[in-house]
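Just below is one structure, and these are the notes that go with it.
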Amino acid sequence: MDPAVIIEAIKKDLAEVKAALGKKTFEAVSAEAQQQSNLLNNITLEIAITGRAGAGKSSFVNALRGMKDKEKGAAPTGVTETTMVPQEYSHPTFPKVKIWDLPGIGTNEFNAEEYLTKVNFKDYDFFIIISSERFTKDDTNLALEIQKNKKKFYYVRSKVDIDIENTWKSEGISEEDTYERMQSEKKTLDIIRKECYDKLKELGESSPRVFLISRWDLSKYDFPLLQETIEQEQDKIKRDVLIMCLPILTKDSIKKKKAAMESLIWKNAMVSCTVGLIPLPFLSLGCDIGIVVWTMSHICKVFGLDEDSLNILANRVGKPVEELKSVIEHTPSTGMITTEFAVSLLKRSVMWGAITGAELILDCIPVLGSLYGGGSSFVTTFYLLKNFLENAVKDAEKVQAKAAEPKRRK
Ligand SMILES: Nc1nc2c(ncn2[C@@H]2O[C@H](COP(=O)(O)OP(=O)(O)OP(=O)(O)O)[C@@H](O)[C@H]2O)c(=O)[nH]1
Ligand SMILES: [Mg+2]
């Protein structure tokens, strides 16, 4: 590539970093980055799933974790499998994120207040109230009580796939009539939405919000909107945790994950060039390789490219995991992201630091002058992580496209 073009691209990136840096001092950014990494490693997010018996709570927990109902470790589901005490299920790759399968409400044994006390409502960040039919007084009483306790809740209407199928059958719309099916589906969803809205109004909700879902496909209906709404209503750090751990269901999820990671990588690149710095042999740069390794592994998990996430996705879409892995071009498997691997990438990335030159760096971001090598270590580390992220995004898109392909006929 033409060096002038490269220099322009670097200038643009550095200008973006400079804008993000704003008036913050380097110490402040460093503290922020460390705090962010610590929080991401340690923050807990407790999601409570509640609703009447049989509403689909346990099934929803399994869907969120990308699991089948009968799989080992899945929440037991079905008519005889009533959950009697809160059951905790960890997110498969971010274990500090917990999904709680709460006992069914409306058993007449407890009122809403007693129910919330019994399930230790203070422990949860927000509640999802599921119903597979009409919402009832039990649901709205519970919502009112949750609100009184200054927590957020979301009404979810489950099993809409059944309503849609039933309408197709009753209207005699065959599988071949795709257009008719689509129209009918839309009509059914509108009817359910209105029914839920009217019922909740009647029960005293002033401006009800209901999200329509099917446990069998979270990419359909209102689940992506529910995801988006919950994210918007969390504080910054919990929003980041949600963005990182929630499944990739739309192109938008990848975009959001990328933006969250972009804000993390430049900070981590800065920190890695100051804290616990070890000058690397044969490289005229110093950086804390541990931070670089952690950031790359984190990127893999966030984009579902680690072994566990790939297995879960393969399981969900019923394809061999090897088929999904076959389209990954750049991102190594998590076990391969070691210090040696990071050093080998740094060696390749070192040209960025060299091309940039101290003058250009200092011209763009003077504060970097205090770093090892007058900022060239930062540029090297930043470009390594930036490339890693760009590649992870491309790989994640390919994996999602592969997962979405119709299954091959045997
Ligand atoms: N078609 C369809 N079936 C669902 C959906 N969600 C749940 N089910 C089915 O509904 C039944 C009850 O689901 P569960 O998840 O066990 O319900 P629950 O709310 O946990 O029930 P309890 O623990 O007894 O209160 C199961 O047979 C599920 O397979 C859905 O979105 N679509
Ligand atoms: Mg259950």
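Order of appearance sets the numbers: ligands from 1, and atoms from 1 within every ligand.
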(Q) With respect to S59, determine whether any N or O atom, backbone or side chain, lies less than 3.5 Å from an N or O atom of ligand 1. (A) yes
Q. For T77 and ligand 1, does the shortest N/O to N/O distance drop below 3.5 Å?
A. no
Q: Return the set of residues passing side chain to side chain donor-acceptor pair (under 3.5 Å) with K398 (not counting sequence neighbours), or none when no residue passes.
A: E329
Q. For ligand 1, which atoms sit closer than 4.0 Å to a heavy atom of A53?
A. 25 (O)
Q.
D101 versus ligand 1: do any nitrogen or oxygen atoms come within less than 3.5 Å of each other?
A. no
Q: Just go through G78, A63, S58 and tell me whose heavy atom is the nearest to atom 16 (O) of ligand 1.
A: G78
Q) Going by distance only, is there an N or O of G54 that falls short of 3.5 Å from an N or O of ligand 1? A) yes
Q: Decide whether an N or O pair under 3.5 Å exists between I213 and ligand 1.
A: no
Q: Kindly confirm whether the Mg ion (ligand 2) is within less than 2.8 Å of some N/O/S atom in S59?
A: no
Q. N/O of F60 under 3.5 Å from N/O of ligand 1, yes or no?
A. no
**Q.** Y124 and F127 aromatic ring geometry - parallel, tilted or perpendicular at 30°/60° bounds
**A.** perpendicular
Q | Under-4.0 Å heavy-atom contact with ligand 1, by part of D161 that carries it | A | side chain
Q) With atoms numbered from 1 as shown, which atoms in ligand 1 lie under 4.0 angstrom from a non-hydrogen atom of R215? A) 5 (C), 6 (N), 30 (C), 31 (O)
Q: Could you pull out all residues at least two apart from S326 that satisfy side chain to side chain contact (heavy atoms under 4.5 Å, CB included)?
A: none
